[in-house]
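To start, the structure itself, in structure tokens.
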Protein chains: 2
Amino acid sequence: MELLFKDLSAELKNRRIHPSYQRIKVLDYLNKNQCHPTVDQIFKDLQREIPTLSKSTIYNTLNLFLKSGLIKVINIENNDAHYDIITKNHGHFKCESCGKIFNFSIDLNTFTTEELSGFKIIDKNVYFKGICPRCL
Amino acid sequence: MELLFKDLSAELKNRRIHPSYQRIKVLDYLNKNQCHPTVDQIFKDLQREIPTLSKSTIYNTLNLFLKSGLIKVINIENNDAHYDIITKNHGHFKCESCGKIFNFSIDLNTFTTEELSGFKIIDKNVYFKGICPRCL
DNA sequence: TCGTTTTTTGTAATGATTATTAAATACTAT
DNA sequence: ATAGTATTTAATAATCATTACAAAAAACGA
Ligand SMILES: [Mn+2]
Ligand SMILES: [Mn+2]
Ligand SMILES: [Zn+2]
Ligand SMILES: [Zn+2]
């Protein structure tokens, strides 16, 4: 535990982010909950441990992590953003029944098309929608 | 012009949508502006032709078209939704400088993975982000 | 310890979308 | 044609996620 905190702290320092208590807690949460949580889920769960926590801090922290490339944001619907600690390229499947977001591996690094020859590609995203096995 | 209106009208009737003047105008707009416009762009442009037009009508109409599968919605950022009259599967590239959304052809129909073997896939989406040639 | 910077917190503002309801229009049957 | 009914549009209010802002708290450095 002590050790884990040190690891998280080091991870933040690597990214030139000052490892405050709240930031470490958010990073810890994202590491333990790799289910693509929303701001609300993160806030409600962490608030039980940190009663004085503010939702603004969650937004600030996530945007900070985003800028440094520590996490990625998933926008499938235009309502709630989901956050992903796994930054290596992979696809997402969102169940339209239970709302759960699943990972699947897909390699888009190989994909190129002459239609985008003059374009500078920074980011590639793939997501499917449908019904998960549990809901079928 | 008269003929075009008839075509659009027939298209709506096919989908069991009553072809009102506003609905035909929105469909006409989407046909002529295949650049993935937002609600605001559609509203502002059509308002010049139809001074009494309401933004609610745009929302209602687009949601109606969406339900019937006549159009598709593009959610790349979580701010403004863009609408696409082209419903056959293709990829989108959003320029982070000018905001423009480009089409490119990509075939995901063939893509399968055993990770999603038990899943019912309804919809597949691909979008890239980066800088377009004009902005480079 | 004092002054400065950073971080957190609380609240207000923003903005896109939806909900609601009344007005306008289209349709139907007498 | 007319009256009554159903549909569509318009205007406005409500919702809700996110951002902006400013004060309080904490960390830092001399
Ligand atoms: Mn993921
Ligand atoms: Mn398109
Ligand atoms: Zn499900
Ligand atoms: Zn551009």
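Within every chain, numbering begins at 1; the chains are lettered A, B, ... in the order of the sequence lines, protein sequences first and strands thereafter.
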Query raised in the report: Which whole-number value in Å describes the distance from A:Lys25 NZ to C:dT8 P?
Result: 14 Å
Report summary line: So CD of A:Gln34 and CG of A:Asn103: to nearest 0.5 Å the spacing works out to 8.5 Å
Query raised in the report: Are side-chain N/O atoms of A:His36 and A:His92 paired as donor and acceptor at under 3.5 Å?
Result: yes
Requested in this report: Find the distance B:Leu12:CG to D:dT8:P and express it as a whole number of Å.
Outcome: 11 Å
Query raised in the report: So do the side chains of B:Leu62 and B:Val73 get within less than 4.5 Å of each other, counting heavy atoms only?
Result: no
Query raised in the report: Atom CZ of B:Arg23 to atom P of C:dA26: distance rounded to whole Å?
Result: 12 Å
Query raised in the report: Between A:Tyr127 and A:Phe93, does the ring centroid distance fall short of 6.0 Å?
Result: no
**Report entry** Whether over 12 other heavy atoms sit under 6.0 Å from B:Arg134 CZ
**Finding:** no
Report summary line: Here the residues of residues 63-86 of chain B within 4.0 Å heavy-atom distance, strictly under, of DNA chain C are B:Asn63, B:Asn79, B:Asp80, B:Ala81
Query raised in the report: Counting only non-hydrogen atoms, which of residues 46-61 of chain A are less than 4.0 Å from DNA chain D?
Result: A:Ser56, A:Tyr59
Query raised in the report: Does C:dA26 have OP1 or OP2 sitting under 4.0 Å from an N or O in the side chain of B:Ser20?
Result: no
Query raised in the report: Going by distance alone, is a donor N or O of one side chain under 3.5 Å from an acceptor N or O of the other, for B:Asn75 and B:His82?
Result: no
Report summary line: B:Tyr21 OH to D:dA10 C1', in whole Å, measures 16 Å
Report summary line: From CD1 of A:Ile17 across to P of C:dT6 the rounded distance in Å is 15 Å
Query - Residue pair B:Phe65 / B:Leu27, side-chain heavy-atom distance below 4.5 Å - result: yes
Requested in this report: Check whether the ring centres of B:Phe128 and B:Phe104 lie less than 6.0 Å apart, and answer yes or no.
Outcome: yes
**Report entry** Pair B:Gln22, B:Thr61: side-chain N/O donor-acceptor within cut-off below 3.5 Å
**Finding:** no
Query raised in the report: To the nearest Å, how far apart are B:Arg16 CZ and D:dT7 P?
Result: 16 Å
Query raised in the report: Between B:Gln22 and D:dA10, is there a side-chain N or O to OP1/OP2 distance below 4.0 Å?
Result: yes
